[in-house]
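In what follows, chains carry the letters A, B, and so on, assigned in the order in which the sequence lines appear, proteins first and then strands, with residues in each chain numbered from 1. We use all heavy atoms of the structure for the numbers below, so side chains are in, but hydrogens, waters and symmetry mates are not.
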Amino acid sequence: MIDLKLLQKEFDTVSKKLMRKGVDEKLLEKVKVKFEELKEAKVNFESLQAAQNAMSKEFGVYKREGKDISELKAKVDENKIRIADALEVQRLRQEELEKIAMAIPNIPDDDVPDGEDEESNVELGRVLTPKEFSFTPKEHWELAEQNGWIDFESGVKLAGSRFSVAYDMGAKLERALINFMLNYNAKKGYTEVSVPHIVNRKALEGTGQLPKFEDDLYKIEGQELFLIPTAEVPLTNLFQDEIIPADNLPIKMTGYTSCYRKEAGAAGRDTRGIIRQHQFHKVELVCITKPQESEAIFDDMVKTASEILTALELPHRLVNLCTGDLGFGAAHTTDIEVWLPGQNTYREISSISNTRDFQARRAKIRYKNGKKNELVNTLNGSSLAVGRTIVAIMENYQNEDGSITIPEVLKPYMGL
RNA sequence: GGAUCUUUGGCAGAGUUGGUCGAAUGCACCGGUCUUGAAAACCGGCGAGGGUCACACCUCCCAGGGUUCGAAUCCCUGAGGAUCCA
């Protein structure tokens, strides 16, 4: 949720920034007006309420003194009707405002490049040089099938398209990577947390997936519960409605979960292989920080994710997402893209975002700053998407005969 | 699945004949006095959100609804916890 007071106070500045992210200025104008109308309704309601409270107090006095209360009661009854009306007006305005305000994305940072889509993302740097192959490298689905690591037919049999089943070394690699990543993150000071894969509506509203993106979530029938699209949701919402002592910050967490996404908007994209699945494994980083230290933590998160790829000797690059590619809740995002020789391109394997106080405002996550309670900053990032890491390993470690060498660092995790 | 009890501020714990209760008290915490320093003792502060320059004022005592001029206090529903029964 954006800061409505800020929007009201500095409308021109804020709206200009939001327009960069494609938000219609007319909508913002509307939000501003609605916000002012709501305030007005509130003042009206509250003053009526105050009168009511005062009169009710008088009742006690009258009764004790044995005075006649019929006149007072008439006044109070009349006021009561007005209160009911005023409350109704306030309620309606509140609802209206929330409906549109909740759908407004976070304000992008000034240094986020302008752009429509990933074409305008800006490369920040490259780590490791892709190696030259003496043969034409294959794509991962071919290698996966050839080695018997991943079977797509089985996935379809059990659940449908965009599901797959991992066998033998493929399955082991998955498990090894999860452990390797969690251990690495733990070494970097991230506390490992194991969370539910099912959460309620409030949690998803807190991190911004709801109300806007309900179509992309798997909902449990008959209940207000959803499968998580990312561990970011439970991890961040652990602190929903909390006031965290300043000494406890920063909170650095890492957690492994499966992620469940309908991929409603991705029809036809990445239909081959396991780049885009309805269910995938991911090791996540989530941090909760004071506002002034969130950028330092952000850098630490990017570094941590990048180091894992380096340890796996996978060439990758860092990319600063442009406004059009930026997620709903992010103020800025750095993507890590791993080199896929089979596809001859870099593909996203991690996405690290600073949401600043956008989620904190929705989820009411605050910290004690001296006497005051202030909103924290929340950050999240993958370190890493497990399936895509396997894709990268398959393509980068492939041999001419189609066999795949297991990265050294993972061998101990695979019983090799 | 049934019965009874229970749900209050960071924790503990009053409040249960509805009014001056946003809530006693203790602990914890913060500031101060005292002390070479610390402890103890004493003094003061100390829930949250909105609102205001600051007050005032409004809201919140698990959630939702109801009774009432007025509810933490009464009634209903739901959720969590404890105990007993099956």
Side-chain angles (χ1 to χ4, degrees), chain A residues 1-10 31-99 101-102 195-196 198-206 210 219-226 234 237-249 251 288 290-291 357-376 378:
Chain A
M1 175 85 115
I2 60 159
D3 187 347
L4 291 176
K5 259 194 266 180
L6 188 72
L7 178 72
Q8 188 195 31
K9 243 187 271 173
E10 296 169 33
V31 169
K32 191 188 166 204
V33 171
K34 295 279 173 207
F35 184 57
E36 271 154 18
E37 284 177 357
L38 173 63
K39 265 178 118 175
E40 194 185 285
K42 262 187 163 169
V43 168
N44 181 39
F45 168 72
E46 283 179 9
S47 62
L48 288 171
Q49 187 85 52
Q52 188 79 356
N53 289 344
M55 285 191 276
S56 288
K57 264 184 194 167
E58 259 184 271
F59 250 89
V61 179
Y62 272 44
K63 262 192 147 174
R64 213 174 313 127
E65 294 174 352
K67 282 193 193 164
D68 178 35
I69 54 166
S70 54
E71 198 184 317
L72 184 59
K73 178 151 165 41
K75 258 166 69 182
V76 152
D77 283 342
E78 187 209 343
N79 195 48
K80 217 176 163 183
I81 297 165
R82 274 189 283 169
I83 286 186
D85 291 344
L87 180 64
E88 184 59 14
V89 170
Q90 187 194 315
R91 222 205 66 227
L92 287 174
R93 291 186 181 177
Q94 177 94 43
E95 261 175 29
E96 264 181 287
L97 176 66
E98 252 166 39
K99 215 164 126 196
M102 286 286 264
V195 290
I198 297 175
V199 296
N200 56 31
R201 179 173 288 275
K202 205 176 167 194
L204 287 154
E205 282 174 353
L210 289 179
K219 187 173 181 192
I220 310 241
E221 199 177 339
Q223 295 185 54
E224 283 299 288
L225 293 173
F226 302 81
N237 279 288
L238 280 173
F239 295 90
Q240 171 200 100
D241 229 350
E242 297 276 329
I243 298 169
I244 303 164
D247 290 347
N248 293 5
L249 297 176
I251 291 166
I288 296 179
K290 296 175 190 170
D357 61 11
F358 187 80
Q359 291 180 331
R361 183 170 298 106
R362 289 182 168 224
K364 296 195 178 70
I365 308 174
R366 295 146 295 170
Y367 78 104
K368 266 246 181 292
N369 183 16
K371 279 206 114 182
K372 275 191 158 176
N373 297 324
E374 284 180 17
L375 295 173
V376 298
T378 63

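A distance of about 13 Å separates the C1' atoms of B:rA28 and B:rG9, rounded to the whole Å. Taking atom C1' on both nucleotides, B:rG47 is separated from B:rC29 by 13 Å, rounded to a whole Å. Spacing of C1' atoms, B:rG15 relative to B:rU73, comes out at 8 Å, to the nearest Å. As rounded to the nearest Å, B:rU36 and B:rG26 have P atoms that lie 30 Å from one another. Rounded to whole Å, the separation between the C1' atoms of B:rA41 and B:rC53 comes to 41 Å. Here the separation of B:rG80 from B:rC55, taken at their C1' atoms, is 40 Å to the nearest Å. Taking atom C1' on both B:rA72 and B:rC62, the two are 12 Å apart, rounded to the nearest angstrom. On the C1' atoms, B:rA12 is 25 Å away from B:rG49, given to the nearest whole Å.
Under the Watson-Crick and G-U wobble criteria, each requiring two contacts below 3.5 Å, nucleotide B:rC60 is paired to B:rG47. Under the Watson-Crick and G-U wobble criteria, each requiring two contacts below 3.5 Å, nucleotide B:rC55 is left unpaired. For B:rA24, there is no paired base (Watson-Crick or G-U wobble, both distances below 3.5 Å). Remark: B:rU4 base-pairs with B:rA82. Criterion, Watson-Crick or G-U wobble with two distances under 3.5 Å. Under the Watson-Crick or G-U wobble criterion, with both distances below 3.5 Å, B:rU68 has no partner in any strand shown.
A:E374 places its CD atom 11 Å from the P atom of B:rG49, with the value rounded to the nearest Å. Note: CD (A:Q94) to C1' (B:rG50) measures 10 Å, nearest angstrom. The CD-P distance, from A:E40 to B:rU52, rounds to 14 Å in whole Å. B:rG49 atom P lies 17 Å from atom CG of A:L4, rounded to whole Å. In this structure, CG of A:D247 is placed 18 Å from P of B:rG10, rounded to the nearest angstrom. Put simply, CG on A:L375 is 14 Å from P on B:rA48, counting in whole angstrom units.
The shortest distance between side-chain heavy atoms of A:K219 and A:L225 does not fall below 4.5 Å. At a threshold of 4.5 Å between non-hydrogen side-chain atoms, the residues A:V199 and A:N237 do not count as touching. Side-chain contact check for A:M102 versus A:R362: some heavy-atom pair is nearer than 4.5 Å. Side-chain atoms of A:E242 and A:N248, non-hydrogen and from C-beta on, never get closer than 4.5 Å to each other. Here the side chains of A:F35 and A:L7 are not in contact, with every heavy-atom distance at 4.5 Å or above. Taking the side chain as every heavy atom from C-beta outward, A:L210 and A:R201 approach each other to under 4.5 Å.
Between A:I243 and A:F35, the residue anchored closer to the 5' end of RNA chain B is A:I243, taking for each the nucleotide with the nearest heavy atom.
In this view, A:D3 and A:R361 satisfy the salt bridge (Lys or Arg N to Asp or Glu O under 4.0 Å) rule, not counting sequence neighbours.
Residue contacts for A:K5: at a heavy-atom cut-off of 4.0 Å it reaches the sugar-phosphate backbone alone, with no base atom in range. Nucleic acid contact class of A:N79 (heavy atoms, under 4.0 Å, all strands): none. Across all strands shown, A:K364 has no heavy atoms under 4.0 Å from either base or sugar-phosphate atoms.
The one candidate from A:Q90, A:R91, A:E98 that meets the side chain to side chain donor-acceptor pair (under 3.5 Å) condition with A:Q94 is A:E98.
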Protein-to-nucleotide contact annotation, 5' to 3' order, nucleotides 57-71 of chain B [B base; S sugar-phosphate only; - none; under 4.0 Å, heavy atom] | SBS---------BS-
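Across every non-hydrogen atom of A:A360 and A:L375, the tightest pair is O-CD2, 3.7 Å.
Phosphate contact (OP1/OP2 of B:rG10, side-chain N/O of A:K368, threshold under 4.0 Å): absent.
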